[in-house]
Amino acid sequence: MSEGLLALGIGDLGLELSPSNIADLELFLQEMGRWNQVHNLTAIEGEKDSIRLHLIDSIAVLPVLKRFLRGPSPKIADLGSGGGLPAIPIAIVQPEWQLSLIEAIRKKTAFLQHVRGKLKLKNIEVLCERVEDAAMQHPAQFDAVISRAFTNLARFLDLSLPFLKPDGLVFAMKAKRADDEMKDVSMDDWRLVADVPLHIPNLAVERRLLVLAPVRKSTLTS
């Protein structure tokens, strides 16, 4: 595993990770690569691209999450978690945060459960459910909802809303073209809190993290 490339990316992100963090992140990628040969967890293959596109892309959001999330142990739902991105890298780096990985495809949740045990990640739970069903079981329980390439922004916001506490936030990992998706979002229902460009070291792509809050409408009585 190319620790030098991993360390370079982390250094450019301004994050300080322990040797144990780095070892666990590398082990996660190894397991993803091994399972991907059989179960097709992701279309990205090869160590170099995996490090750049998966791991670094996922933890690039951490400085923004730290800025907005309050309290020592926020609860975060990762919708359509797939192979565990961005939730697994976040859980490794932030062991005090609690993450729920929601994924309906059984082969993917089997991988997530495997990684949870392999890395002894006590701060995650894996829910093998459709997002709509999970929302009914866990209403208004999360400080934040996040997703990476799950669905279009308007639908992601609709699916996220039932999970959120009254002051909860949605973090949408998007590419530059997110401007088109924003046009479909009702600003009567959602407030754009932040639009943060993300620099992915050694990768010539543009990423951004949209932070949105639901508009809580008050009922006036005469």
Side-chain angles (χ1 to χ4, degrees), residues 28 31-32 35-44 53-55 57-58 61 65 69 73-92 94 97-119 121-175 177-178 180-186 189-190 207 209-216:
F28 168 59
E31 293 300 304
M32 176 178 281
W35 276 61
N36 199 43
Q37 294 176 5
V38 178
H39 298 290
N40 191 29
L41 299 174
T42 171
I44 301 169
L53 293 177
H54 287 321
L55 198 150
D57 192 27
S58 292
V61 303
L65 266 62
L69 294 181
S73 185
K75 291 188 63 177
I76 304 169
D78 180 15
L79 305 193
S81 193
L85 300 166
I88 296 292
I90 291 173
I92 290 171
Q94 299 292 142
W97 293 6
Q98 304 298 314
L99 291 104
S100 296
L101 285 61
I102 302 169
E103 172 57 54
I105 299 176
R106 193 163 297 277
K107 68 179 181 181
K108 294 182 178 180
T109 57
F111 169 71
L112 298 176
Q113 293 284 16
H114 166 75
V115 169
R116 181 182 185 274
K118 186 87 173 180
L119 298 179
L121 294 173
K122 298 180 180 179
N123 60 329
I124 73 170
E125 65 173 351
V126 179
L127 304 178
C128 185
E129 299 180 73
R130 294 175 66 249
V131 168
E132 296 89 339
D133 295 335
M136 294 175 64
Q137 298 297 322
H138 305 272
Q141 294 184 15
F142 292 90
D143 300 290
V145 175
I146 194 167
S147 180
R148 179 180 182 265
F150 173 48
T151 186
N152 67 72
L153 182 60
R155 176 159 171 74
F156 174 47
L157 293 174
D158 287 343
L159 292 171
S160 298
L161 184 60
F163 288 96
L164 292 175
K165 294 178 180 179
D167 57 350
L169 295 171
V170 172
F171 295 86
M173 301 170 68
K174 290 292 179 181
R177 65 180 181 277
D180 291 335
E181 294 188 38
M182 279 295 298
K183 295 175 183 176
D184 296 326
V185 175
S186 169
D189 299 321
W190 292 91
R207 297 277 196 267
L209 184 63
L210 304 178
V211 185
L212 297 109
V215 175
R216 304 293 180 178

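Side chains included, hydrogens not; waters and symmetry mates left out as well; all remaining heavy atoms used.
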Quiz item: Given the rule in the side chain to side chain contact (heavy atoms under 4.5 Å, CB included) test, do Asn152 and Asp184 qualify, once you have shown the distances and angles that lead to the verdict?
Solution: CA-CA 9 Å; Asn152 67 72; Asp184 296 326; over 6 Å; no
Self-check item: For Asp167, all residues meeting salt bridge (Lys or Arg N to Asp or Glu O under 4.0 Å), sequence neighbours excluded
Solution: none
Quiz item: Tell me, do His138 and Leu127 make a side-chain contact under 4.5 Å, heavy atoms counted?
Solution: yes
Practice problem: Please report the C-alpha distance between Phe150 and Ile102 in whole Å, then the side-chain angles of each, then the deciding distance to 0.1 Å, and finally whether the side chain to side chain contact (heavy atoms under 4.5 Å, CB included) criterion is met. | Solution: CA-CA 11 Å; Phe150 173 48; Ile102 302 169; over 6 Å; no
Quiz item: Judged by atom type as modelled, is there a donor-acceptor pair below 3.5 Å linking the side chain of Arg148 to the main-chain atoms of Ser58?
Solution: no
Quiz item: Can you name the side-chain contact (heavy atoms from CB on, under 4.5 Å) partners of Ala213, sequence neighbours left out?
Solution: Leu169, Arg191, Val193
Quiz prompt | Distance (rounded to the nearest 0.5 Å) between Glu31 CD and Leu112 CG | solution = 12.5 Å
Exercise. Can you see which heavy atom on Gln137 is nearest to which on Gln141, and at what distance?
Key: O-NE2, 3.9 Å
Quiz item: Going from CG on Asp189 to CZ on Arg216, what distance comes out if it is rounded to the nearest 0.5 angstrom?
Solution: 11.0 Å
Quiz item: Residues two or more places apart in sequence or in another chain: which of them pass salt bridge (Lys or Arg N to Asp or Glu O under 4.0 Å) with Asp133?
Solution: Arg130
Exercise. Could you walk me through whether Phe111 and Met32 pass side chain to side chain contact (heavy atoms under 4.5 Å, CB included), step by step?
Key: CA-CA 8 Å; Phe111 169 71; Met32 176 178 281; 3.9 Å; yes
Quiz item: Are Met173 and Ile146 side-chain neighbours, meaning at least one heavy-atom pair lies under 4.5 Å?
Solution: yes
Practice problem: Would you give the length of the straight line joining atom CD of Gln113 to atom CD of Glu103, rounded to the nearest 0.5 angstrom? | Solution: 12.0 Å
Quiz item: What do the steps show when you test Leu65 against Gln94 for side chain to side chain contact (heavy atoms under 4.5 Å, CB included), and what is the final call?
Solution: CA-CA 11 Å; Leu65 266 62; Gln94 299 292 142; over 6 Å; no
Quiz item: How far does CG of Leu101 sit from CG of Leu121, to the nearest 0.5 angstrom?
Solution: 9.5 Å
Quiz item: Hey, are the side chains of Thr151 and Leu79 touching, using non-hydrogen atoms and a 4.5 Å cut-off?
Solution: no
Could you pull out every donor-acceptor pair under 3.5 Å between side chains of residues 153-165 and any protein atom, sequence neighbours left out?
from   : atom 1 : to     : atom 2 : distance (Å)
Arg155 : NH2    : Glu132 : OE2    : 2.9
Ser160 : OG     : Phe156 : O      : 2.7
Lys165 : NZ     : Asp143 : OD1    : 3.2

Practice problem: With sequence neighbours left out, write down each residue that passes side-chain contact (heavy atoms from CB on, under 4.5 Å) with Gln98, or none if nothing qualifies. | Solution: Ser73, Lys75, Asn123
Quiz item: Do the side chains of Phe171 and Leu69 get nearer than 4.5 Å, heavy atoms only?
Solution: yes
Quiz item: Would you say Trp35 and Val115 make side-chain contact, with heavy atoms under 4.5 Å?
Solution: no
Quiz item: Under the salt bridge (charged side-chain N to carboxylate O under 4.0 Å, His left out) rule, what pairs show up with a residue in residues 77-92, not counting sequence neighbours?
Solution: none
Quiz prompt | Ala87 to Ser81 - nearest heavy-atom pair and separation | solution = CB-OG, 4.3 Å
Quiz item: Can you check whether Ser100's main-chain N or O pairs, donor with acceptor, with Glu125's side chain at less than 3.5 Å?
Solution: no
